[in-house]
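First the structure, in the form of structure tokens, and then the observations on it.
Every chain is numbered from 1, with letters handed out A, B, ... down the list of sequences. For the numbers below, each heavy atom of this structure counts, side chains included, while hydrogens, waters and symmetry mates do not.
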Amino acid sequence: MDVTTIINSLNDAQRQAVTAPSQAMLVLAGAGSGKTRVLVHRIAWQIKVEGVSPHSILAVTFTNKAAKEMRARIEDLLSISAHNLWIGTFHGIAHRLLRRHAQQARLPETFQVMDSSDQLRVIKRLLNTLNIDEKQWPPKEVQWYINAQKDEGIRAKHCVEAGDTHERQRLIIYKAYEELCDRSGLVDFAELLLRAHELLRDNADVLEFYQKRFKQVHVDEFQDTNTIQYAWLRLLTDGNDNLFVVGDDDQSIYGWRGAKIENIYSFQQHYPNHQVIKLEQNYRSTCTILKASNKVITNNSGRMGKELWTDAGDGDLISLYAAFNEQDEAYFVVDRIRASINEGCLRSDNAILYRSNAQSRQFEEKLMATGTPYIVYGGLRFFDRAEIKNALAYLRLIANRDDDASFERVINTPTRGIGAKALDEMRNIARDQSVSLWAAAILLINQRSMSARATNALIGFLELIKSLSKEVEELSLDEKVKCIVHKSGLIALYQNEKMDKGEEKIENLEELVNAAKLFEFDKDNEEKLGEVDMFLSYAALEAGVSQSEDSEDCVQLMTLHSAKGLEFKQVFLVGLEEGLFPSQQSVDDTGRLEEERRLCYVGMTRAMQLLYLTYAESRRLYGRETYPRPSRFLREIPAELLQEVRMRATVSRPVSAVQAKSAMFQAQSQYKLGQRVHHAKFGEGVILQIEGEGAQERVEINFKQVGVKWLMLAYAKLDVL
DNA sequence: TTGTTCCAGCTTTTT
DNA sequence: GCTGGAACAA
């Protein structure tokens with residue numbers, strides 16, 4: 001293996017980071033500076049040059065996508081299978097540790113991972129049994145509180161008793177929730193992390209084992225780690241000085257869910273021998289885009305300090321469009337996107353980024369109306385869909401009859417005459433005798449206290465699960481799922497539902513069977529799990545095949561948060577208005593406002609070639625017309641880097657203003673209406689219309705061969721005939 | 001058990 | 001102004 005393949009493609013700073021001797025290292029990597037590249041090459045370097053066994057390397061990311069990408073790139077670079085390399089998300093790694101050491105973590109071998117909606121259900125049920133009013137204690141808030149405590153590493157027993165009644169009540173709920181989860185072997189996301197931390201903290205032998213095993217520990221997006229994640233990393237690397245972290249304080253946008261930028265500062269204290277390397281050369285954007293982004297982010301205080309630069313040219317100015325309203329904003333954006341597509345851009349070269357999900361609708365409508373394929377990221381994930389959760393609950397219940405959450409979920413889905421009353425009875429029995437709902441159901445039947453009809457319905461359900469268990473025993477995973485989905489009556493249930501919706505659900509269930517078929521079961525997995533359990537964990541920890549992963553070329557719509565880590569040729573950053581972006585809730589809190597500003601920075605630095613910023617002068621919000629002021633972030637961009645696409649003074653008379661403007665541009669343009677031109681690809685044609693100015697100037701041409709097209713003059717190389 | 005009506009709420013989101 | 005959930009009636 002030639003070392004040069006690992007370091008040749010790197011710049012000086014990158015190479016320095018990759019080839020540094022083992023020590024604590026903080027790589028401050030600006031947007032588009034090759035962050036993942038450094039991580040991948042660092043790991044490759046350690047394996048190939050330092051002779052570290054892949055077995056001794058740990059790499060932690062935040063998303064499954066990032067983990068997958070990193071693994072693929074390492075395999076690609078080294079042409080080896082990175083199979084025994086531990087690369088995963090914090091949650092995935094924690095899960096693995098807990099499976100391997102369930103006993104020492106004081107968990108049952110069969111513990112189940114809950115996702116957030118499972119957690120919410122459990123909390124609702126808990127409040128119910130505690131006779132606590134949901135009005136006074138919104139389950140969402142309780143969930144938020146519990147997770148926040150766990151993210152800080154705080155157990156109920158650590159909280160100081162006393163305080164006001166509200167405080168005390170909250171603690172009672174937290175405590176009861178912990179007990180309930182322990183009793184039924186349920187682990188939520190935050191618990192995975194906290195438990196994994198406690199496992200290492202309280203078991204010297206386990207800790208020593210992993211400290212010895214992991215010669216090198218790498219962390220991606222370090223600025224997004226929360227208290228407990230960082231504490232866990234410190235335990236793991238304690239005394240070894242082998243923590244290699246990559247992050248960007250300017251891209252920390254998850255403070256609201258517990259991420260601590262401070263971890264970057266603490267790192268420097270906790271690892272006194274550390275080295276800091278800044279990656280400031282940007283390989284993504286034009287100089288103009290970088291200048292503007294740098295300028296915006298300098299308004300934040302307490303930065304580590306970092307300024308991106310590039311070899312690339314200035315590129316086009318940033319376009320600013322003041323829309324009349326949100327409709328007009330959408331028209332403008334879609335119009336520009338279509339123009340770029342006509343010019344040969346891929347649809348997926350275009351991204352519309354917004355602050356909040358609700359904003360996507362206008363753009364969707366306009367894209368739909370023009371027949372432009374698009375994809376909206378975010379929203380409901382595959383394994384979060386109700387029909388999928390129902391099917392998985394059957395699968396769970398068959399694997400483990402004491403899984404109360406699953407039991408409750410499917411006992412009357414589809415409806416089989418077991419109502420709230422019977423269920424209440426079972427819950428009471430289960431609580432009084434500390435048994436599972438399944439056992440309680442059997443006791444209830446034997447009591448003969450219910451009507452014959454209810455009893456029979458209950459017996460029917462238990463028999464169904466029993467017979468399904470038997471039937472499914474010998475089948476392959478996908479056949480199991482298929483059988484369960486049909487025999488449980490789920491398919492029949494959705495067939496009777498109102499046409500369109502039910503059909504989609506059935507399709508999703510079929511997709512689930514397909515996912516089971518494609519699921520690669522690793523027999524020698526380190527967690528020592530069976531195939532079904534492995535699949536269930538996968539369902540809980542991975543987003544899964546997001547909404548029909550059509551690889552069709554699509555315009556990309558997403559929130560600024562989900563755009564992190566991505567890049568696009570053309571970016572439309574929309575809704576730049578006070579109250580929307582920055583959001584209303586953050587304007588009077590400096591800390592939160594700075595996070596909004598980082599979000600803006602993230603958004604701007606996604607753009608490779610062209611950046612459009614738009615805002616609306618009037619916007620319907622919650623049914624009311626609002627007249628927001630342009631976002632303060634716009635004022636932070638130097639005017640010389642901006643070009644206004646529409647004069648603000650023309651608001652009152654939009655129609656005539658546009659006409660006047662187009663007349664004005666026609667006069668300036670080097671092209672004239674009716675002029676004959678030649679295009680390299682489309683051949684000869686005649687100019688029908690001219691619009692825009694500067695980089696945005698575009699013309700409509702009637703080509704002899706290919707018909708009428710809109711072309712951006714900045715791209716199109718036209719010869720006047 | 002199902003359908004209707006009424007009412008609150010409404011950033012960002014991965015695991 | 002719309003959506004989802006809960007409460008209620010039939």
Atom CG of A:Asp188 to atom C1' of B:dT14: distance rounded to whole Å?
-> 14 Å
Nearest-Å distance for atom pair CD/P, residues A:Glu221 and B:dT13 = 15 Å
Listed once per pair and sorted, the ring-ring contact (aromatic ring centres under 6.0 Å, His included) pairs that draw on residues 114-138 of chain A, sequence neighbours left out = A:Trp137-A:His166
Please state the C1' separation for the pair C:dC2 and B:dT13 - nearest whole angstrom.
-> 22 Å
Protein and nucleotides 8-10 of chain C: nitrogen or oxygen contacts under 3.5 angstrom:
none

Got a sec, which residues hit side-chain hydrogen bond (donor to acceptor under 3.5 Å, both in side chains) with A:Asn128, two or more places apart in sequence or on another chain?
-> none
Atom CG of A:Asn147 and atom P of B:dT14 are separated, to the nearest Å, by 15 Å
What residues form a side-chain contact (heavy atoms from CB on, under 4.5 Å) with A:Asp151, not counting sequence neighbours?
-> A:Ala190, A:Asn226
Polar-atom pairs under 3.5 Å, protein N or O versus N or O of nucleotides 6-11 of chain B: list them with distances, or write none.
unit_1: B:dT11; atom_1: OP1; unit_2: A:Gln585; atom_2: NE2; d: 3.2
unit_1: B:dT11; atom_1: OP2; unit_2: A:Tyr622; atom_2: OH; d: 2.8
unit_1: B:dT11; atom_1: O5'; unit_2: A:Gln585; atom_2: NE2; d: 3.3
unit_1: B:dT11; atom_1: O4; unit_2: A:Arg592; atom_2: NH2; d: 2.2

5'-most by nearest nucleotide on DNA chain B - A:Thr415 or A:Ala190 | A:Thr415
Look at the side-chain N and O atoms of A:Lys124 and state whether any lies under 4.0 Å from the OP1 or OP2 oxygen of C:dG5.
-> no
Which way is the base of B:dT12 turned, syn or anti, if we draw the line at 90° from 0?
-> anti
Residues forming a side-chain contact (heavy atoms from CB on, under 4.5 Å) with A:Pro108, sequence neighbours excluded = A:Thr110, A:Phe111
Once you round it to whole Å, what is the distance between P of C:dG5 and CG of A:Asn128?
-> 17 Å
Can you tell me the distance, in whole Å, between the CG atom of A:Asn64 and the C1' atom of B:dT14?
-> 9 Å
Report yes or no: is there a donor-acceptor pair, N or O only, under 3.5 Å between the side chain of A:Thr559 and the base of B:dT13?
-> no
Atom-to-atom span, OH of A:Tyr354 to P of B:dT12 - whole angstrom = 10 Å
Any side-chain N or O of A:Arg257 under 4.0 Å from OP1/OP2 of B:dT14?
-> no
Rounded to whole angstrom units, what separation is found between the OH atom of A:Tyr538 and the P atom of B:dT14?
-> 16 Å
Please name all residues satisfying side-chain hydrogen bond (donor to acceptor under 3.5 Å, both in side chains) with A:Asp533, sequence neighbours left out, ordered by chain then number.
-> none
Does some side-chain heavy atom of A:Thr225 sit less than 4.5 Å from a side-chain heavy atom of A:Phe62?
-> yes
Is any NZ, NE, NH1 or NH2 atom of the basic residue among A:Asp115 and A:Arg385 found under 4.0 Å from an Asp or Glu carboxylate oxygen of the other?
-> no
Could you list the residues that satisfy side-chain hydrogen bond (donor to acceptor under 3.5 Å, both in side chains) with A:Glu262, not counting sequence neighbours?
-> none
In whole angstroms, the gap separating P of B:dT1 from CZ of A:Arg453 amounts to 8 Å
May I ask you to decide whether A:Arg620 forms a salt bridge with A:Glu625, counting only side-chain N to carboxylate O separations under 4.0 Å?
-> yes
With a 4.0 Å cut-off on heavy atoms, is A:Arg620 in touch with a base, just the backbone sugar-phosphate, or nothing at all?
-> sugar-phosphate
Residues at least two apart in sequence or cross-chain that pass side-chain contact (heavy atoms from CB on, under 4.5 Å) with A:Ser451, listed by chain then number, are A:Arg453, A:Ala454
